[in-house]
Amino acid sequence: MKITVIGATGMVGSRVVREALDRGHDVTAVFRSRRPAALPPEVIAVRGDAADVDQMKRLFTEADVIVGATRPAPGAESTVTATTLALLDAAAATGIRILLVGGSAPLRSPSGGLVLDDPRYVPPAVRDIAAASAAQLDVCRTHGADWVYLSPPALLEAGVRTGDYRRGGTALMVAPDGSSRISAEDLAVAVLDEVERPGEDRHFAVGY
């Protein structure tokens, strides 16, 4: 497949790129700033702005599927909605499916409310970015593009690739020990599994 990854140099995007290459896919890696030295030489590297609908449309026409793995810089959380809308508009205009790697905030918490409102998982220090991910899903829900939204667990960090994870619905994935986590490497496995074998859910969660 031809996969275009937006936000290809971030923690999640870079792992998605590597997983896609390891599975034999052709990858276009889109990034905001200068090409980093760590970007694999096998990719088609493109410097781009995810909020530029016209540029995204040009890139999307060459793809079979899009993976949006963008994340705003601290203090720029308010840009998430506009960026998401631009990506969805470009996907709709080209008829290309887009998988957005979002956040856990819009999932149901074990306590019954939203994860966004559960301080066990969303302390004050990360509430702004959590709220932005909830708003991101709201934008998707009102858009006509062919989208799917993947929510990671509460803790997402660099780690190791085990190839194992659980897939759920719209509730936070919590392990028997009470933790809610996954490595970025295994999140990338879940992303590529969905890309290769799309499920029926437009919003789903993963975790250990």
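Residue indices begin at 1 and follow the sequence shown. All values below were derived from every heavy atom in this structure, side-chain atoms included, with hydrogens, water molecules and symmetry-related copies excluded. Every value quoted in this text rests on a predicted model; they were computed, and no experiment measured them.
No donor-acceptor pair closer than 3.5 Å links the side chain of S179 to the backbone N or O of R181. A distance-only check finds a donor-acceptor pair linking the side chain of T94 to the backbone of A90 [under 3.5 Å]. Judged purely by atom type and a 3.5 angstrom limit, T9 has no side-chain atom pairing as donor or acceptor with the backbone of F31. A donor-acceptor distance shorter than 3.5 angstrom exists from the side chain of D52 to the backbone of Q55, with no hydrogens or angles considered. For the pair R202 (side chain) and W147 (backbone), a donor-acceptor distance under 3.5 Å is present.
Applying the salt bridge (charged side-chain N to carboxylate O under 4.0 Å, His left out) rule to R108 yields no partners; only residues at least two apart in sequence or on another chain are considered. For the salt bridge (charged side-chain N to carboxylate O under 4.0 Å, His left out) test, residues two or more places apart in sequence or in another chain that qualify with D54 are K57. A search for salt bridge (charged side-chain N to carboxylate O under 4.0 Å, His left out) contacts involving D64 returns nothing, not counting sequence neighbours. For the ring pair (Phe, Tyr, Trp, His ring centres under 6.0 Å) test, residues two or more places apart in sequence or in another chain that qualify with H203 are Y149. Here A130 pairs with A105, L116, V122 under the side chain to side chain contact (heavy atoms under 4.5 Å, CB included) rule; sequence neighbours left out. Residues that satisfy the salt bridge (charged side-chain N to carboxylate O under 4.0 Å, His left out) test with E194, not counting sequence neighbours, are R97, R167.
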Under 3.5 Å, side-chain donor or acceptor atoms of residues 12-21 against the rest of the protein: list the pairs with distances, not counting sequence neighbours.
from : atom 1 : to   : atom 2 : distance (Å)
S14  : OG     : G10  : O      : 2.7
S14  : OG     : M11  : O      : 3.3
R15  : NE     : E185 : OE2    : 3.0
R15  : NH1    : M11  : O      : 3.2
R15  : NH2    : E185 : OE2    : 3.3
R18  : NE     : D22  : OD1    : 3.3
R18  : NH2    : D22  : OD1    : 3.3
R18  : NH2    : E42  : OE2    : 3.4
E19  : OE1    : R161 : NE     : 2.8
E19  : OE2    : R23  : NE     : 2.8
E19  : OE2    : R23  : NH2    : 3.1
E19  : OE2    : R161 : NH2    : 2.9

What side-chain donor-acceptor pairs closer than 3.5 Å can you find for residues 65-73, not counting sequence neighbours?
none

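The side-chain heavy atoms of D26 and I3, taken from C-beta on, include no pair separated by under 4.5 Å.
For I182 against Y208, the heavy-atom pair with the smallest separation is CA-CE1, 3.4 Å. Across every non-hydrogen atom of S104 and L172, the tightest pair is CB-CD1, 4.0 Å. Summarising the geometry of S133 relative to P106, their closest heavy-atom pair is OG-CD, 3.8 Å, with the distance given to 0.1 Å.
The hydrophobic cluster around L155 extends to none of the other residues, as no ILVMFWY side-chain heavy atom falls under 4.5 Å of it. Taking Ile, Leu, Val, Met, Phe, Trp and Tyr as members and joining any whose side-chain heavy atoms lie under 4.5 Å apart, directly or through other members, V80 forms no hydrophobic cluster with any other residue.
Put simply, L59 and L87 are part of the same group of oily side chains (I, L, V, M, F, W, Y) that touch within less than 4.5 Å, one to the next.
Residue pairs that meet the salt bridge (Lys or Arg N to Asp or Glu O under 4.0 Å) test with at least one member in residues 170-179, sequence neighbours left out, do not exist here. Here salt bridge (Lys or Arg N to Asp or Glu O under 4.0 Å) pairs that include residues 82-96, with residues two or more places apart or in two chains, number zero.
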